[in-house]
Amino acid sequence: TSRFPLPQGVLPDIENYFGISDGNSGLLQTVFVCSYMLLAPCFGYLGDRYNRKWIMLVGISFWSLVTLASSYTPKNSFWALLLTRGLVGVGEASYSTIAPTIIADLYVKEKRTVMLSVFYFAIPVGSGLGYIVGSSVDKLAGDWHWALRVTPGLGLLAVLMLLFVVKEPKRGGVEARPEHQLQRTSWLADMKSLSRNWSFMLSTFGFTAVAFVTGSLALWAPTFLYRAGIFTGEKPPCVSANCDNSDSLYFGIVTCVTGVLGVTSGMLVSRSLRKRTQRADPLVCAAGLLLSAPFLFLAIVFAQSSTVATYVSFLSDWFHLVVIGSDWFSLQYVVVPTRRSTAAAFQIVLSHCLGDAGSPYLIGVVSDSLRKRDSYLWQFRSLQVSLMLCSFVAVVGGGFFLATALFIEGDRNRADNYSPSGEEGYCNRRPFD
């Protein structure tokens, strides 16, 4: 839940507290993702060479301390909140880059798929719980700062579990050829090989679209629903220190439900299709994004007449969440074990750089530019139009995953039969090779 209890769950309170624009509100997510993105290659490099368990312990401990410190940000120091949000990216980069590679080194084939699915439940479900906990604590305490003082305790619990429960597995220890049988290469050689791996690169661009959409909705959806409630007369405007954050609670529940549906259905459909074709994972990802686009568009349009209809449409938007697990499954198959942390870090950097590092800020800036006057009507309308960009991006992402399906069989076979001397073959291959 490190990304989402703050600022998303209590964003109207933060905007009211600091008196900031939509563009500045978007920066809260952007600085976090930029930090996370820049640190991911460092943790990827370390994760492929040193003890992954201790790297995660240090990262999560630092994240917990910074999160707690950010809860004491004074009213005239918005810059301090931005700084601490950036530092939170340390823990996120250490964990999300390395944890999937540990799971991949503990299981093979269908067991690996199931266990990675369980891990990826944590992203949407943890995000949804972040909204729920953040808005609930804000309501009980009457102060949004307290939403930040809950998650450090969860970080401490994670540190204790890592310390006493998790054991460091050998890299590729359960593969047909474990780590000691694979030749380790330099970071530059690893990056050169990954850049020639078309299925990896195309799926990374597809995941970039998912990051763009998810990052935009994560920050702006509760605020958009709140403004829609004011527009339709269902909610009063925020004129006091504490705004009505019930939409964050409801959106958190929707996120949990759609997360479970998305990851579970993606896993089950991919597993079934793998019996027929090795292209199952990218095809499932493409279908998920292409199906999510119209539902997302309808959710945004329906908000002007009924927030209930909008919530129903958001429930149907679980399609794009099937990508979260399925994309990672395909990454584990087309990249050799000694490069998986580096590949994960590279995917994090590229997808977040072009995706959710800028999308929350971009949506906010577009909303500010479209607003003709400072009224509740234009606050809603401008944000509504700017969020429609997400539907277009989802369609583009679906196209990238369709292209991935053309190359994945050949890249998977090359990973299974990897030898350093045979890497030149990446340069001159065609789809279906």
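Quantities reported herein were computed from a predicted structural model and do not represent experimental measurements. In this chain, residues are counted from 1 in sequence order.
Considering CG of L202 and CZ of F401, their distance stands at 10.0 Å, rounded to 0.5 Å. Put simply, CH2 on W220 and CG on L387 are 8.5 Å apart, with the number rounded to the nearest 0.5 Å. Between the CG atom in N76 and the CZ atom in F18 there is a gap of 8.5 Å [rounded to 0.5 Å]. Here the straight-line distance linking atom CD1 of I300 with atom SG of C390 works out to 6.0 Å at 0.5 Å rounding. One distance of note links CE of M388 with CD1 of I363; it measures 11.5 Å at 0.5 Å rounding. In this structure, CZ on F302 lies 4.5 Å from CG on L298, to the nearest 0.5 angstrom.
Residues F43 and I98 share a closest heavy-atom pair of O-CD1, 3.8 Å. A343 approaches L194 most closely through the heavy-atom pair CA-CD1, 3.7 Å. Considering every non-hydrogen atom in both F295 and L291, the closest pair reads CD1-O, 3.2 Å. Considering all non-hydrogen atoms of both residues, G155 and W63 come closest at CA-CZ3, 3.4 Å. What you find for T84 and L81 is that their closest heavy atoms are OG1-O, 3.0 Å. The heavy-atom pair separating P282 from I408 by the smallest distance is CD-CD1, 3.7 Å.
Remark: side-chain polar atoms of T73 are paired, donor with acceptor, to backbone N or O of S70 under 3.5 angstrom. A donor-acceptor pair under 3.5 Å links the side-chain atoms of S195 to the main chain of K192, judged by distance alone. S351 places a side-chain N or O within 3.5 Å of a backbone atom of Q347 that can act as its donor or acceptor partner. Checking side-chain atoms of S382 against main-chain N and O of R371 turns up no donor-acceptor pair under 3.5 Å. Although no hydrogens or angles enter the test, the distance criterion places no donor-acceptor pair under 3.5 Å between the side chain of S367 and the main chain of S386.
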Tell me, with the steps shown, if Q379 and I230 meet side-chain contact (heavy atoms from CB on, under 4.5 Å).
CA-CA 10 Å; Q379 284 180 1; I230 296 175; 5.8 Å; no
Would you please test R227 and T223 for side-chain contact (heavy atoms from CB on, under 4.5 Å) and show each step?
CA-CA 6 Å; R227 293 181 183 180; T223 300; 3.6 Å; yes
Run the side-chain contact (heavy atoms from CB on, under 4.5 Å) check on L140 and W146 step by step: do they pass?
CA-CA 9 Å; L140 290 173; W146 282 95; over 6 Å; no
Would L289 and V213 count as a side-chain contact (heavy atoms from CB on, under 4.5 Å) if you check the C-alpha gap in whole Å, the side-chain angles of each, and the deciding distance to 0.1 Å?
CA-CA 10 Å; L289 276 179; V213 174; 5.7 Å; no
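No more than 12 heavy-atom neighbours from other residues, nucleotides or ligands sit within 6.0 angstrom of CZ on F297.
Applying the side-chain contact (heavy atoms from CB on, under 4.5 Å) rule to S71 yields the partners L68, L148, R149; only residues at least two apart in sequence or on another chain are considered. Under the side-chain contact (heavy atoms from CB on, under 4.5 Å) criterion, A158 pairs with I60, sequence neighbours left out. With sequence neighbours left out, L82 forms a side-chain contact (heavy atoms from CB on, under 4.5 Å) with L27, L28, V31, F78. Evaluation of the side-chain contact (heavy atoms from CB on, under 4.5 Å) rule for F205 yields M201, L350, L354, F400 as partners, not counting sequence neighbours. The ring pair (Phe, Tyr, Trp, His ring centres under 6.0 Å) test applied to F346 returns F200, not counting sequence neighbours. Residues forming a salt bridge (Lys or Arg N to Asp or Glu O under 4.0 Å) with R381 (at least two apart in sequence, or on another chain): none.
Side-chain contact annotation: S359 with S216, donor-acceptor N/O pair under 3.5 Å present.
L87 is listed as a side-chain neighbour of F62, based on a closest heavy-atom distance under 4.5 Å.
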